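Following: one structure in structure tokens, then a few remarks.
Just so it is clear: chains get the letters A, B, ... in the order the sequence lines come, proteins before strands, and each one is counted from 1. Since this is a predicted model, take the numbers as computed values, not measurements.
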Amino acid sequence: MDHHDEDDAHLSSQIVEEEDLLFDDGPSEQPSLDETTGNADIDKITAQHSDIDETLRVRLAGPSTSKVNYHALQRLFTFIEFLINYYFPIQAGMDSVDKAKVNEIIYEVSKGSSFFENERKKDNAVTGRINALLSKYERIKNDVLSEEFIIVDNMIEELEDERDLNQCIVHIDMDAFYASVEELDQPHLKTVPMVSFAFQAVGGIGMLCTSNYEARKFGVRSAMPGYIALKLCPQLKIVPLNFSKYREASAKVRSVFEQYDPHYCPMSLDEAYLNITEHLKTTNKSPPEVVVEIRDKIFKETLLTASAGIAANKMLAKMCTDVNKPNGQFYLKSELADIQEFINPLSIRKIPGVGRVTERVLNALNVNTCKDIYPQRAMLYKLLSDISFKFLLRAHLGIGSTSVDSEYVRKSISVERTFRSLSSRTDLYFKLKDIAQKLAKDLESKNLCGKTLGLKIKLTSFEVRTRAKTLPGNIYKQEDLEKYASQLLEKELPVSLRLMGIRLSSLCSRDEIDQKGVKRVGICTIF
DNA sequence: AAGCGAAGGACCC
DNA sequence: TGCCAGGGTCCTTCGTGC
């Protein structure tokens, strides 16, 4: 019916509804021990408490020399950070959890697995990146950088021109959406730890997609493998996913959004941005009053609660949603002073787009909160790429996009599947055929074809490889997908895989091409 | 010199 | 027993070829 329906196909494929917070602070944050402890073997950490305590005492005593070895300091820092996370992790929604025990269990269960080893490898790579940055930093840290300060300050002036304080943007996020929908149908689930699952690719109960608040008390979260969740909470009630129900609930929620902003932008089944500037002109209500009204309507329609953030742009609105979650909202006035006051104390991790890795990198450069960006701006300008630096600067200034619209242009389409480890040629090609078939079906339903074909494989070791080939013309048929993907796979053999995927990009509508797969170009576009 | 394709990652939901 | 998804976007780096 309305333009939003077209998005449903891609949005409904979204499985995980929440951020994967737990594992961020788990064993993937592998420490690299400093020279005194020899190597980076995490297994020794629990076994060497006395050594660790010694190191910890040294660290807590502060730097005793004026000459700082940043290389060693970084390793030490990572290590201490790991220790703190390991024993006292800060995790949202886990106030009543025995955090140490949770991480202990996760660590014990994951230890030694291929996944774990791969995470360790990735983490070491990040540490290498950080060390490279730090040695660059070492070279410039005593420079005055007056030129850079001037450049950056000019940049800030330019960015200020982008600032638009005249829009009222709302970010709305449903609370524990899938779990809450399940609780509507089965009220007894409200009082017990419960999760929904999907992906039984490799047997067992697969990956969790949502958890209710009871389950979170045990440290159980979405995007956690089921067997770990059961270790954390043996009485965990597991229910199957029921997408049609979530879509139904989502449609009701969206009908409310529609009333306040016909161009609202859905980000997933349970999340959307609205621009209520126009709506505000039709009422005497203040922005927060309007949002209360929206959330009330959502509740009346669905019996589900939502949280919201109200601010001058999308970035700020999203950050505001976090403040009073669940079932709450936060209004950030569109005044420069209020925005600065709000942004400054926040951890850089709260910036949408700053994840686990970027946080580590920035922390290593002494940037922990958004406030820290400003005094370090000249150094950051020298160390980071132009794009990354401007991204950070915008975040610090609280400048973000105010464009809310539901237009969505797909750039790529793909299908990937995980399975039990496979290595025989026959098995591999059989899987490839299956995946090509699924992709061909999706292409059919969306009337798309594309020119660049990509193969993705994940080895049994969890190493991921992607191979791509841009073809002379557009393809969409299963046989073609299979043919070109096979050529790419052939070069990788022999391998033992746990995942295969095919992606098609450089897309265009099938209506726009002739029989040879060549895109038709309108004559008038040439002249 | 600019542009593009390919490969690898970070991040988001 | 057995051991961590899938669908996207965007950025960075590198290499080749006009």
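For E407(A) and H263(A), the side-chain atoms include no donor-acceptor pair closer than 3.5 Å. For the residue pair E183(A) and N212(A), a side-chain donor N or O sits within less than 3.5 Å of a side-chain acceptor on the partner. No hydrogens or angles considered: nothing links the side chains of T460(A) and R498(A) as a donor-acceptor pair under 3.5 Å. In this model, a donor atom of one side chain and an acceptor atom of the other lie less than 3.5 Å apart for S385(A) and S388(A).
Of all nucleotides listed (dA5(C), dC4(C), dA10(B)), dA10(B) comes nearest to the side chain of V357(A). With distances taken from any side-chain atom of S388(A) to the nucleotides dC4(C), dC13(B), dC11(C), the minimum falls on dC11(C). Of the candidate nucleotides dC13(B), dC4(C), dG7(C), dC13(B) has the atom lying nearest to any side-chain atom of E271(A).
S114(A) comes within 4.0 angstrom of no nucleic acid atom, judged by non-hydrogen atoms across all strands. Contact annotation for K231(A): no contact, since no heavy-atom pair falls under 4.0 Å across all strands. If you check every strand for non-hydrogen atoms under 4.0 Å, V415(A) touches sugar and phosphate atoms only. At the heavy-atom level, V126(A) lies under 4.0 Å from the strands shown only through sugar-phosphate atoms. Nucleic acid contact for K469(A): sugar-phosphate only, since backbone atoms but no base atoms lie under 4.0 Å from a heavy atom of the residue. R467(A) comes within 4.0 angstrom of sugar-phosphate atoms only, judged by non-hydrogen atoms across all strands, and of no base.
Using a distance-only test at 3.5 Å, with no hydrogens or angles considered, a donor-acceptor pair links the side chain of D261(A) to the main chain of N275(A). Between the side chain of R295(A) and the backbone N or O of T305(A) there is no donor-acceptor pair closer than 3.5 Å.
Taking atom C1' on both dG15(C) and dA2(B), the two are 14 Å apart, rounded to the nearest angstrom. On the P atoms, dC3(C) is 29 Å away from dC12(B), given to the nearest whole Å.
Between the P atom of dA10(B) and the CG atom of L392(A) lies a distance of 17 Å, rounded to the nearest Å. In this structure, CZ of F391(A) is placed 10 Å from C1' of dC11(B), rounded to the nearest angstrom. Taking atom CD1 of residue I351(A) and atom P of nucleotide dA10(B), one finds them 18 Å apart after rounding to whole Å. Nucleotide dG9(B) holds its C1' atom 14 Å from the CG atom of D123(A), rounded to whole Å.
The shortest distance between the side-chain N/O atoms of S414(A) and the OP1/OP2 oxygens of dG6(C) is not below 4.0 Å.
With contacts defined as side-chain heavy-atom distances shorter than 4.5 Å, the pair L489(A)/L432(A) qualifies. Counting only heavy atoms from C-beta outward, the side chains of Y213(A) and P326(A) approach each other to under 4.5 Å.
Taking 3.5 Å as the limit, the base of dC12(B) and the side chain of S268(A) contain no donor-acceptor pair of atoms between them.
Sequence order on DNA chain C of the closest nucleotides to E416(A) and I387(A) puts E416(A) first from the 5' end. In terms of position on DNA chain C, the residue among S113(A) and I413(A) whose nearest nucleotide sits closer to the 5' end is S113(A).
Remark: nothing in residues 306-313 of chain A comes within less than 4.0 Å of DNA chain B through any heavy atom.
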